[in-house]
**Student:** 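One structure coming up, written as structure tokens, with questions to follow.
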Amino acid sequence: MKYHFNEIEAKWQKYWASNDTFKAKNNSNKPKFYVLDMFPYPSGAGLHVGHPLGYIASDIYARYKRHKGFNVLHPMGYDSFGLPAEQYAIQTGQHPAKTTETNIATYRRQMDQIGFSFDWSREIRTSNPDYYKHTQWIFSQLFDSYYCKDADQARPISALITIFEKEGNTTVNAVCDEDITSFSAQDWKQFTLIQKQEILLKYRLTFLSDTEVNWCPALGTVLANDEIVNGVSERGGHPVVRKKMKQWSMRITAYAQRLLDGLDTIDWPQSLKDAQTNWIGRSEGAMVHFKIKDSDKSISVFTTRPDTIFGVSFMTLAPEHELVAEITTPENKAAVEKYIKATAKRSERDRMADVKTISGQFTGAYVAHPFTGEAIPIWIGDYVLAGYGTGAVMAVPCGDQRDYDFAKHFAIPIPNIFRDIDISEHACEDKDAVIANSDFLDGMPAKKAIKKMIYELEQKGMGTGKINYRLRDAVFSRQRYWGEPFPVYYKDGMPQIIAKEHLPVLLPEVEKYLPTDDGKPPLGNATKWAWDTVNNEVVDNSQIDDKTIFPLELNTMPGWAGSSWYFNRYMDAHNTDAFASKEALAYWRDVDLYIGGSEHATGHLLYSRFWQKFLFDKGFVPVDEYAKKLINQGMILGTSAFIYRWEYAHEDAAKEKTIFVSKHKMESIIKERASIEKSKRNQVHENLDLAATTDRKSNAKEQWSGFTPIHVNVNMVNASNELDIAAFKNDPIHSAYQDAEFITEADGTFIVGREVEKMSKSKYNVVNPDDICHDYGADTLRMYEMFLGPLEQAKPWNTAGITGVHGFLKKLWKRYIVNDTFSVSDEEPSAEELKILHKTIKKVEEDIANFSFNTSVSTFMIAVNELTALQCNKRAILEPLAVLIEPYAPHLAEELWQQLGHKESIAHVPFPKYEEKYLVESSKVYPISFNGKMRFTMELSLDLSKEAIEKAVMSYEKTQKQLAGRTPKKVIVVPGKIVNIVG
RNA sequence: GCUCGAGUGGUGGAAUUGGUAGACACGUUGGACUUAAAAUCCAAUGGACAGUUAUGUCCGUGCGGGUUCAAGUCCCGCCUCGAGUACCA
């Protein structure tokens, strides 16, 4: 009986599935433990070896917790709405639901073969109506809520209406749009229904507003900033323009402070907390109002340094600032307009990337200094962004380097307001500098001066202390097909929510998935997309009468909608009334361990915290942070392979053909070429040492221009970096290279270049787990992925070491099964054997607690090496060992468990108990150092006193030999650790 | 620029509060078994030098300083690489 891993693994996977081994119960006497993975988007490429890294780690943890007596919830699902399926639908006409289903089947097969202990009975898919029904409902709850700053929580919009009816809005302290105007209870009563709705929309936690968005005409959709790379769309690389559009937004800014505060209560990686903290970008300062000369308007600016106000020598507005056109004087009009036009052409990314160019334009207008009354010129400059703060800056050139550079460039005065500080070279951004030339602030350090200034500003009514956040409200509309439809219809142009009992509003069928010809989103193609408010159902568009039947919203929700609450759904995945029952939520509460990539730091991981806090405010969930602990797994990188194309131009273009050169050959050519270049610069290329290429030898009329690296599929390259040329030529992807010539090394091999890059389809460096499962088994894959290195570290995939792990499993197998026969003895174990076992238990438990799975694998190897050396085959050792290793190699462990005579699965067997007594040592091999350098070791009893140790060491013959007659100055004895002799 | 990580043999990586640097694997070399190969097993393996051996000496955790009986680990100053972020007022 050999270790037939394929048979064993298939057998146990089937057993687990048919016995519901990993099904979690929603009530239990055991303590609960919830282990969550970030659910994948099921892409067409299938799972690659990078995906399972985090899943293996969480699976080990989940399995370990089951052995430790926990009721473990370890679910999996799919984030199945998304752009790739839609793009594929546009290209092929295949319905995204169909594509998604096919991809999910592949993912499921691949995950099953790795032996994860997921409770598949709770599987969820965000694109299922049963699921997005609740996403729609949460949206409607946000719509029906506003954020009360006094209570510091979300409140029902009905409560706000009650206040409006009684007192108007002047006493309301709520988060709302900037442009809100005051009204009385009397006013409110007189407003029309539409006016009331318009006002309420300015308070709702999800609201419609005209937002400047990144519009991608080719995709027919709006993109988030993080979906744009180098000014073009991340997917497809299409151009993007800025455009105003009516969009749904989420008032996440209402939660800015709570999102910051919450970070202190959760055990997440510091780097991730830092990322969120920076993203939210809290800064304390003041809002200052500068009155425009010869106008009754004023310009507000936010500043973190109100104490430097006496150093203001100009003001800069973003070119997009709403007052620019109004204040510009006739003589500056042409220049200002020209500058605005130039700025508009540059994308926001462009403007931000260019730090060196200083540009700007004077408007001709002035504001009055709030304290001195002095006229301060107003400039516009593209270093000021419309989207941050108020889009205006009070420029203090002596205290800010950018303002300083701007002033220098345009010869604007630079008054110095710091005592004894030289600003002839650069600005002084030191917060400890003492203020001077500043009236009532003279002699104060910044901290004190800031407080004083805010007080003065508030006294004069010229400003207020303010906390500003960088965080912006999140745009929530997408002009896409494959997403959740909004539960919204429009009556008189105002959005109306569809009640819970009529959800879900199902995604309609469409002829094509592109935007309509008149620029409406894809849902504009649907012919049956109107809401009948009498029968509460979707009806044909032709029935729209704007009395009882109205048009439905054409946008769909973004990808992050479904992923912002999915962790709650797993608790009660089949509930049809609610997203989860109160009982289920009360029992599971929150995620105990969440594992996923750090790339979601400012997306999913921020939005989901926001939604959770909202649901908490509404009393729908019991906790306001849903994940107690989070671990980021590092990315598994690919090792790309390159071949090098010889770039040359032949006199006769028809005679040109593609030539690839082996790596070392290429290097010698480049070297040789360089020396030729030296002697005969710019000469026609004379053929180099290319014995194999006779054609080239007779025809020397080629202009050489270097080598271009081309990605080749890593699966065509062996471990020695040799390319399988035939396979390369046969690959349909490379049909263009069928007649290519390959110049090999002297020994006839063709060597590729290697480079570590992100694993991606376009780089042909994707390694999928299927082959490894087939060749070595899932248990080997699991252990090897863990053995690669620390979980949180990024690392290149390299199968070179996999034989070591596989060999280890075979060696382990042989402890139980010798010469094809199960042979475990019931003999009493020796002290030495018990010591090996308990040492291993201790180390493995510590490793799991520290998520140091790579060192656990080493620990197992050491244990098996040592037990092999002792020829140990005793049940008292091997039975617990099987349980120890089960989280890592579950199939093998199940098989051994069965061989050991057990009928039940190993999955819930208690973890072996570590007992200190087996590790107690009576002696220690002390390292004896001289001046810190270890010279020899000496075994001594552990009950010796310090003095006794020193005596024993000093009288030892080797010590005296080392000292060679010298007398030590000092002897350091650390009992149980080390002896160091100084002198 | 800023923030956060990280630099250890030929390679991936160990070293839990400062206490024997290089665990465990890969690779390489030599050997056993075999007609042969695969598989398996055994041995050696940071570098340099000395020695017949036993062994010994020196150097060694990116670089330069420091603290300490003792530093991969702590402190100061650099360099390099990676990730994130950015004219944030």
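This is a predicted model, so every value here is computed, not measured. Computation of the quantities below employed the complete heavy-atom set of this structure, encompassing side-chain atoms and omitting hydrogens, waters and symmetry-equivalent molecules. In the text below, chain A, chain B and the rest are named by the order of the sequence lines, each starting its count at 1.
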**Student:** Once you round it to whole Å, what is the distance between P of B:rA39 and NZ of A:K814?
**Tutor:** 13 Å
**Student:** Considering only atom P, compute the distance from B:rC59 to B:rA70 and round it to an integer number of Å.
**Tutor:**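 Between the two P atoms, the distance is 15 Å.
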**Student:** With both distances under 3.5 Å as the test, what is the Watson-Crick or G-U wobble partner of B:rA89?
**Tutor:**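 Because no pair has both required distances under 3.5 Å, B:rA89 counts as unpaired.
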**Student:** Give A:A800 one of three labels, base, sugar-phosphate or nothing, depending on what nucleic acid heavy atoms sit under 4.0 Å from its own.
**Tutor:**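 A:A800: backbone/sugar contact only, no base atoms under 4.0 Å.
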**Student:** Roughly how far apart, to the nearest Å, are B:rC81 and B:rA23 at atom C1'?
**Tutor:** 26 Å
**Student:** For A:K810 and B:rU40, is the shortest distance between a side-chain N/O and OP1 or OP2 below 4.0 Å?
**Tutor:**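 Result: yes.
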**Student:** Please find the pair of heavy atoms, one from A:F808 and one from A:I885, that lie closest to each other, and give the distance.
**Tutor:**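 It is CZ-CD1, 3.7 Å.
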**Student:** In the structure shown, which nucleotide is the Watson-Crick or G-U wobble counterpart of B:rU67, with both distances under 3.5 Å?
**Tutor:**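 Paired with no nucleotide.
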**Student:** Quick one: look up who B:rU20 pairs with, Watson-Crick or G-U, both distances under 3.5 Å, and put none if it's unpaired.
**Tutor:**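 For B:rU20, the partner nucleotide comes out as none, under the 3.5 Å rule.
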**Student:** Does B:rG30 have a Watson-Crick or wobble partner in any strand here, with both distances under 3.5 angstrom, and which is it?
**Tutor:** B:rC42
**Student:** Using both distances under 3.5 Å as the test, list the Watson-Crick or G-U wobble partner of B:rU55, or none.
**Tutor:**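 Looking at the geometry, B:rU55 pairs with B:rA50.
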**Student:** Please determine whether a side-chain nitrogen of the Lys or Arg among A:K795 and A:E785 lies less than 4.0 Å from a carboxylate oxygen of the Asp or Glu.
**Tutor:** no
**Student:** Return the nucleotide paired to B:rG9: Watson-Crick means purine N1 to pyrimidine N3 with N6-O4 or O6-N4, wobble means G-U with N1-O2 and O6-N3, both under 3.5 Å.
**Tutor:** none
**Student:** How would you label the contact of A:V974 with the nucleic acid (heavy atoms, under 4.0 Å): base, sugar-phosphate, or nothing?
**Tutor:** base
**Student:** Would you measure the distance from the C1' atom in B:rU8 across to the matching atom in B:rU61 and give it in whole Å?
**Tutor:**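 The answer is 4 Å between these two C1' atoms.
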**Student:** Please work out if A:V925 contacts a base, only the sugar-phosphate, or nothing of the nucleic acid, heavy-atom cut-off 4.0 Å.
**Tutor:**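 Base contact.
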**Student:** Using atom C1' in both nucleotides, what's the gap between B:rG65 and B:rG10 to the nearest angstrom?
**Tutor:** 32 Å
**Student:** B:rA89, B:rG19, B:rG13: which one has an atom nearest the side-chain heavy atoms of A:N854?
**Tutor:**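 Nearest to the side-chain atoms of A:N854, counting from C-beta on, is B:rG13.
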**Student:** Of the options B:rA89, B:rU16, B:rC4, whose atoms approach the side-chain atoms of A:E846 most closely?
**Tutor:** B:rU16
**Student:** How long is the span from the CD1 atom in A:I280 to the OG1 atom in A:T253, to the nearest 0.5 Å?
**Tutor:**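 Between A:I280 CD1 and A:T253 OG1, I get 11.0 Å after rounding to 0.5 Å.
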**Student:** Given the C1' atoms of B:rA83 and B:rA44, what is the spacing between them in whole Å?
**Tutor:** 41 Å
**Student:** Using the P atom as the point on both nucleotides, what is the distance between B:rU57 and B:rA21, in whole Å?
**Tutor:**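 So the two P atoms sit 13 Å from each other.
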**Student:** For A:M861 and B:rC26, give me the distance from atom CE to atom C1', rounded to whole Å.
**Tutor:**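 Going from CE in A:M861 over to C1' in B:rC26 covers 10 Å.
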**Student:** When rounded to the nearest Å, what value does the distance between C1' atoms of B:rU3 and B:rU73 take?
**Tutor:**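 That atom pair is separated by 24 Å.
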**Student:** Is the shortest side-chain N/O distance from A:Q793 to OP1 or OP2 of B:rG13 below 4.0 Å?
**Tutor:** yes
**Student:** Name the orientation of the base relative to the sugar in B:rG13: syn if the glycosidic angle is within 90° of 0, else anti.
**Tutor:**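 Anti, angle beyond 90° from zero.
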**Student:** Roughly how many Å is it from NE2 in A:H806 to C1' in B:rU40, rounded to a whole number?
**Tutor:**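 Rounded to the whole Å, the gap is 13 Å.
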**Student:** Hydrogens and angles aside, do A:N850 and A:E846 bring a side-chain donor and acceptor to less than 3.5 Å of each other?
**Tutor:** no
**Student:** What is the distance from CD of A:E845 to P of B:rU16, rounded to the nearest Å?
**Tutor:** 19 Å
**Student:** Write down the distance separating the C1' atoms in B:rC69 and B:rU55, rounded off to the nearest Å.
**Tutor:**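 Straight-line distance between the two C1' atoms is 27 Å.
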**Student:** With respect to the phosphate group of B:rC2, does any side-chain polar atom (N or O) of A:N278 fall under 4.0 Å of OP1 or OP2?
**Tutor:** no
**Student:** Return the value, rounded to whole Å, for the distance between atom CZ of A:R472 and atom C1' of B:rU85.
**Tutor:**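 The distance from CZ of A:R472 to C1' of B:rU85 comes to 14 Å, rounded to the nearest Å.
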**Student:** Give a yes or no on whether a salt bridge exists between A:E947 and A:K951, defined as a side-chain N under 4.0 angstrom from a carboxylate O.
**Tutor:** no
**Student:** Under 4.0 Å, counting only non-hydrogen atoms across every strand here, what does A:P796 touch: a base, just sugar-phosphate, or nothing?
**Tutor:** nothing
**Student:** Is the shortest side-chain N/O distance from A:N865 to OP1 or OP2 of B:rA25 below 4.0 Å?
**Tutor:** yes
**Student:** Using whole Å, report how far OH of A:Y383 lies from C1' of B:rA89.
**Tutor:** 8 Å
**Student:** Using purine N1 to pyrimidine N3 plus N6-O4 or O6-N4 for Watson-Crick, or N1-O2 and O6-N3 for G-U wobble, each under 3.5 Å, what pairs with B:rA83?
**Tutor:**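 Pairing partner, where one exists within any strand: B:rU3.
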**Student:** So, OP1 or OP2 of B:rA70: does either fall under 4.0 Å of a side-chain N or O from A:R935?
**Tutor:** no
**Student:** Check this for me, if you would: do A:K970 and A:E950 make a salt bridge, where the nitrogen-to-carboxylate-oxygen distance has to be below 4.0 angstrom?
**Tutor:**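 No, this pair does not count.
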**Student:** Between A:E845 and A:K843, is the closest basic N to carboxylate O distance under 4.0 Å?
**Tutor:**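 Result for this pair is no, no salt bridge flagged.
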